[in-house]
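Naming: A, B, ... by sequence-line order, numbering from 1 per chain. These numbers come from the heavy atoms of this one structure, side chains and all, not from hydrogens, waters or symmetry mates.
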Amino acid sequence: MEQQFQIEERSEGGATIVTVSGEIDVATAPQLQESLHALIAQGRSSLVIDLLAVTFLDSTALGVLVGALKRCREQGGDLQLVMADARIMKIFEITGLITVFPIVDSLAAVGHS
Amino acid sequence: MEQQFQIEERSEGGATIVTVSGEIDVATAPQLQESLHALIAQGRSSLVIDLLAVTFLDSTALGVLVGALKRCREQGGDLQLVMADARIMKIFEITGLITVFPIVDSLAAVGHS
Amino acid sequence: MSDASEGVGLDTLGVGDRVELTFPARGDLVVLARLVSSAISARAGFDIEELEDLRLAVGELCLLALQGSDAHHGELRLEFTCTDEALDISCTLVSDGPALDAWSGGAEALQLSEQILAALVDEHGRDDQDGMVRAWLRKRRRGPLA
Amino acid sequence: MSDASEGVGLDTLGVGDRVELTFPARGDLVVLARLVSSAISARAGFDIEELEDLRLAVGELCLLALQGSDAHHGELRLEFTCTDEALDISCTLVSDGPALDAWSGGAEALQLSEQILAALVDEHGRDDQDGMVRAWLRKRRRGPLA
Ligand SMILES: Nc1ncnc2c1ncn2[C@@H]1O[C@H](COP(=O)(O)OP(=O)(O)O)[C@@H](O)[C@H]1O
Ligand SMILES: Nc1ncnc2c1ncn2[C@@H]1O[C@H](COP(=O)(O)OP(=O)(O)O)[C@@H](O)[C@H]1O
């Protein structure tokens, strides 16, 4: 079976870490968008999105992340991505988004991108 | 990815152990049939078919096994099956073949069915 | 996401939803039918055991339909339809070549497939109309069969 | 089985083979398209990296076609055709409802899908005829694209 889509969040220091697993696509991206918008609406605009357990993402997922990045920055925060898988990286490379997001390859490296 | 279909054989004592992995279905069963017929034609009619690494089998696979069992017995040999997976067992149960074949749940138990 | 029942939790197919898969009528491609069957059952309210039952059963449907094939012409058309209580699946051999003897695979092969279908699904059958062999099954959700 | 080249070794699809998948035009079912795409690419002479590229690309084809959908009516019809040098894939929104504005999803969504397709496949395009939105791609075997 496919790995189930899941979102978990926790606070760490001044940031909120959002851990996503499974496939982020047109079916699941709306749930991610809702979660991120809710956090940002609470003023939690320093976000770290942990994509290490994400197995697939499509343009819809990218759109949600770009939208959330903009909102975070408008509130003086930022949105960092954590990813290490070559396939996931490739999607950010071919769309040029690799230069748009602060990206690190492990949670330990967060803040140092 | 699906696990690849594979057949390996080795002699042990007076018997020939045939280890099958992957899916045995209408696409791959003919290869198994060919292997078994070749062995039996060489007079190797004491066969142990190790199905522990088989992930799926269909009626075509059952047909090949039944055919080989007959040929082994005609030559004074026998054909034992090794299986432990509940799904694989279920297929032999619902077709009544569980009482037709000598079946053991590990290679260590071979000969003691 | 789902109603948190025993299903695998991906129930996104609803009543009236229909999925169709058509592929060359060859044994080496029956794996496509099984693959789609698993994905659909998982989204139609079945649990993992039922999903495996359906994967096996759909393969047998294809074999029954393929019995009328010369293995080099024609297509298999698989249709999945969700009703309020069941998943209906049919497999039709669509061939413009001459219709072969529908059961050339022999009585034993037919019998094993029949035994498997009888054990795993609630209803099943086959018909042979104008040279089109069609095998079908119905599997109810949380059905009474063991 | 295969020619032992770098492919995943399941090459059983040949020139002229055609596979078709039709399902309700909803985002939650695009996963079916990706699943079938992977199984087919693996059997059409592509290696694992290309197979992943095609899985992503086919999802984007579906998204492009879905842009013309109100997400509650119509079907997506996906067609895979093997030619001697490539795999051709098209996705058509088949809807008997009124044709919506074909690109209601907005320019940004369209642009990301276009970027992904441009990077991953050899040719791609879309057309919109009589309210039927059709997106297509061509991926050559061991093609020249990085
Ligand atoms: N699909 C099948 N279902 C049930 N029994 C089968 C099936 N195929 C073969 N058999 C049984 O196995 C025997 C062997 O048949 P077959 O596999 O055609 O090869 P062979 O006779 O050359 O070993 C048949 O006589 C039949 O009794
Ligand atoms: N699919 C997409 N592709 C590219 N950019 C997108 C996509 N979706 C959204 N965006 C970008 O993200 C921004 C946010 O859009 P959206 O996700 O609709 O939500 P919101 O504006 O409510 O956060 C858009 O203005 C657009 O620039």
- Below 4.5 Å from any heavy atom of chain D, which atoms of C:L21 appear? Answer side chain, backbone, both or neither. both
- Query: Listed by chain and number, what are the side chain to side chain donor-acceptor pair (under 3.5 Å) partners of C:S113, not counting sequence neighbours?
  - Reply: B:S59, C:E60
- Item | Partner set under side chain to side chain donor-acceptor pair (under 3.5 Å) for D:R55, not counting sequence neighbours | A:E23, D:E52
- Message: Any heavy-atom pair between the side chains of C:L35 and D:S38 that's under 4.5 Å?
- Response: no
- When rounded to the nearest 0.5 angstrom, what distance separates CG in D:L32 from CG in C:L13? 7.0 Å
- Item | Under 4.5 Å from a heavy atom of chain D, the part of C:L29 involved | side chain
- Query: Is it true that D:R26 and C:D17 make a salt bridge, defined as a side-chain N closer than 4.0 Å to a carboxylate O?
  - Reply: yes
- Message: Does any backbone or side-chain atom of D:E75 lie under 4.5 Å from a heavy atom of chain C? Answer side chain, backbone, both or neither.
- Response: side chain
- Query: Which atom names give the shortest non-hydrogen contact between D:R43 and C:D28, and what distance separates them?
  - Reply: NE-O, 4.4 Å
